[in-house]
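Read through the structure below, which is laid out as structure tokens, and then see the notes.
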There are 2 protein chains.
Amino acid sequence: MSSRDQLTGAMAELLWERGYAATSPRDVMARAGVGQGSMYHHFSGKHELAVEALSAVTGDLTDESSLLDGDGSPLERMKRYLTLPRPGTRGCRVGRMTQDPQVVADAELITIVAGAFETMLGRWERAIAEAIACGELPASIVPADLARTLAAIIQGGYVLARAKGEQSPMDAAIRGAVSLLDAAHTTVDTDC
Amino acid sequence: MSSRDQLTGAMAELLWERGYAATSPRDVMARAGVGQGSMYHHFSGKHELAVEALSAVTGDLTDESSLLDGDGSPLERMKRYLTLPRPGTRGCRVGRMTQDPQVVADAELITIVAGAFETMLGRWERAIAEAIACGELPASIVPADLARTLAAIIQGGYVLARAKGEQSPMDAAIRGAVSLLDAAHTTVDTDC
DNA sequence: GTCTATACCAGGATAGAC
DNA sequence: GTCTATCCTGGTATAGAC
């Protein structure tokens, strides 16, 4: 693998483990196993390296959320996406960035993060609207609102898991979400 | 106000705005308007100052969650607490700490954070159990799970709001939660 | 109790040799 | 392309005067 790829890979890992502010160019070079000159040859600095690494990461997570557009009834897809395995104590690779002041202040980085969320929320909204259309959820539900509620449950699950240092709060939060969706589940009166 | 109080107050503000790692003793002293000697006279260092400041902050938020034990039917209390005004783009003063590697690695600090969440989750659980007992929510609901779901919605709402730089995702997430609770709301068959 | 002076190390980047 | 040497700033803490 090229030095360049080693560097973006190492930066992606460190962004997840420590965040942006707490990751120094030294750390990245050490983990990538390359020298300083190499890094500043390929990238103008920490910022540019982070842009590249974060773009790759958000791309992965955006791919994952395409599960909301997949096979099965809308509500089934929603539950399938909700119950995807998620490492609670490690935190969300994208959501974690929003708590880093240096990321929020960096127009380019926060735009990447915001874009990833917008894409995912759009998919949530569509799936929810379909669930309502085919009678799986009541018409009283507002897709744009519930989309944010469900995305928040995942993000908040990470927060609770990290606070306790255990996976269990994340799993509990997801179970609670599913049970609430089930409780709200209306009789299916059209085919999905 | 004493220098000591100025210092803890300034630290509490900066913990909220920038987090622990990104806050330097210099910043705190500057905001508190005291000199370096004063700070190291009252506190052994950044860590001890943060312990004191964070304890005060979690105390405030814990007081707030006592609203879940207040007047009205359980479901009413839950909705009242959910719809409390929350500054989405500023983030949660407690939840934000969980994304700071230095906080999670600091046994004393993370214990303060974890304790605050445990207290709040306990209050959620009790209110939910009461709502089930008096028939406002279906018996299929597991209080411990839904407690984490609802707490996660608030925490996740902060994440979404910060990602977008706007309050609206937080408000939408809360509205979606309330509508989901309403959709799951069973007929009341006992008095609350 | 509070101040200033000082020390030391790490973050982040540049310069220039190979 | 990659390495080492070097630079400047800021984080964190200590020393000691007032």
Side-chain angles (χ1 to χ4, degrees), chain A residues 1-55 96-97 99-110 112, chain B residues 1-55 96-97 99-110 112:
Chain A
M1 206 194 277
S2 71
S3 285
R4 190 190 171 84
D5 292 342
Q6 291 287 343
L7 285 163
T8 54
M11 182 50 131
E13 286 177 18
L14 288 165
L15 282 180
W16 192 8
E17 294 171 20
R18 310 183 193 175
Y20 179 70
T23 296
S24 74
R26 279 171 147 90
D27 298 332
V28 181
M29 294 168 344
R31 182 164 304 198
V34 306
Q36 203 150 7
S38 190
M39 157 162 172
Y40 283 101
H41 170 74
H42 290 292
F43 302 93
S44 66
K46 177 180 169 177
H47 163 83
E48 193 176 296
L49 183 46
V51 166
E52 192 140 325
L54 190 55
S55 296
R96 152 189 248 316
M97 298 294 121
Q99 302 305 314
D100 194 320
Q102 285 190 28
V103 171
V104 175
D106 186 313
E108 205 167 352
L109 290 177
I110 194 65
I112 295 171
Chain B
M1 206 193 279
S2 72
S3 284
R4 191 189 171 84
D5 292 341
Q6 291 287 344
L7 285 162
T8 53
M11 181 50 128
E13 287 177 18
L14 288 165
L15 282 179
W16 192 8
E17 294 171 19
R18 312 184 193 173
Y20 180 70
T23 296
S24 74
R26 276 170 148 89
D27 299 332
V28 181
M29 294 169 345
R31 182 164 305 199
V34 306
Q36 202 150 5
S38 189
M39 157 164 172
Y40 283 101
H41 170 75
H42 290 292
F43 301 95
S44 66
K46 177 180 169 177
H47 163 83
E48 194 176 296
L49 183 45
V51 166
E52 192 139 326
L54 191 55
S55 296
R96 149 189 248 318
M97 298 295 121
Q99 302 305 313
D100 194 319
Q102 285 190 28
V103 170
V104 175
D106 185 313
E108 206 166 352
L109 290 177
I110 194 65
I112 294 171

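Naming: A, B, ... by sequence-line order, numbering from 1 per chain. Remember, predicted model here, so these are calculated numbers, not experimental data.
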When all nucleic acid strands are considered with a 4.0 Å heavy-atom cut-off, which category describes Ser2(B): base, sugar-phosphate, or nothing? nothing
Going by side-chain contact (heavy atoms from CB on, under 4.5 Å), name the residues that satisfy it together with [X], two or more places apart in sequence or in a different chain.
| X | answer |
| --- | --- |
| Gln102(A) | Tyr20(A), Ala21(A), Lys46(A), Asp100(A) |
| Ala53(A) | Met11(A), Ala12(A), Leu15(A) |
| Val51(A) | His47(A), Ser55(A), Glu108(A), Leu109(A), Ile112(A) |

Identify, with sequence neighbours excluded, every residue that meets side chain to side chain donor-acceptor pair (under 3.5 Å) alongside Glu52(B).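 Side chain to side chain donor-acceptor pair (under 3.5 Å) check on Glu52(B) returns Arg4(B).
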Quick one: closest heavy-atom pair of Tyr40(A) and Gly45(A), and the distance? CE2-CA, 3.8 Å
Which atom of Ser3(A) lies closest to which atom of Val34(A), heavy atoms considered: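 Looks like OG-CG1, 3.7 Å.
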Of the listed dT12(D), dA13(C), dT2(D), the closest approach to the Ser24(B) side chain comes from dT12(D)
Using a cut-off of strictly less than 4.0 Å, decide whether Ser3(A) has a side-chain nitrogen or oxygen near OP1 or OP2 of dT2(D).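 For dT2(D), OP1 or OP2 has a side-chain N or O of Ser3(A) closer than 4.0 Å.
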Assess, by modelled atom type and distance only, whether the side chains of Ser24(B) and Asp27(B) contain a donor and an acceptor separated by less than 3.5 Å. yes
Assign each of Arg4(B) and Asp27(A) the nucleotide of DNA chain C bearing its closest heavy atom; nearer the 5' end lies the nucleotide of Arg4(B)
Enumerate all atom pairs, one protein N or O and one N or O from nucleotides 3-8 of chain C, separated by less than 3.5 Å.
from, atom 1, to, atom 2, distance (Å)
dC3(C), OP2, Gly35(B), N, 2.4

DNA chain C contacts among residues 40-47 of chain B, heavy-atom distance under 4.0 Å: His41(B), His42(B)
Nearest-angstrom distance from the residue atom CG of Leu7(A) to C1' of dA13(C):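 Checked: the CG to C1' distance equals 15 Å.
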When rounded to the nearest 0.5 Å, the distance separating CG of Leu14(B) from CZ of Arg31(B) is 4.0 Å
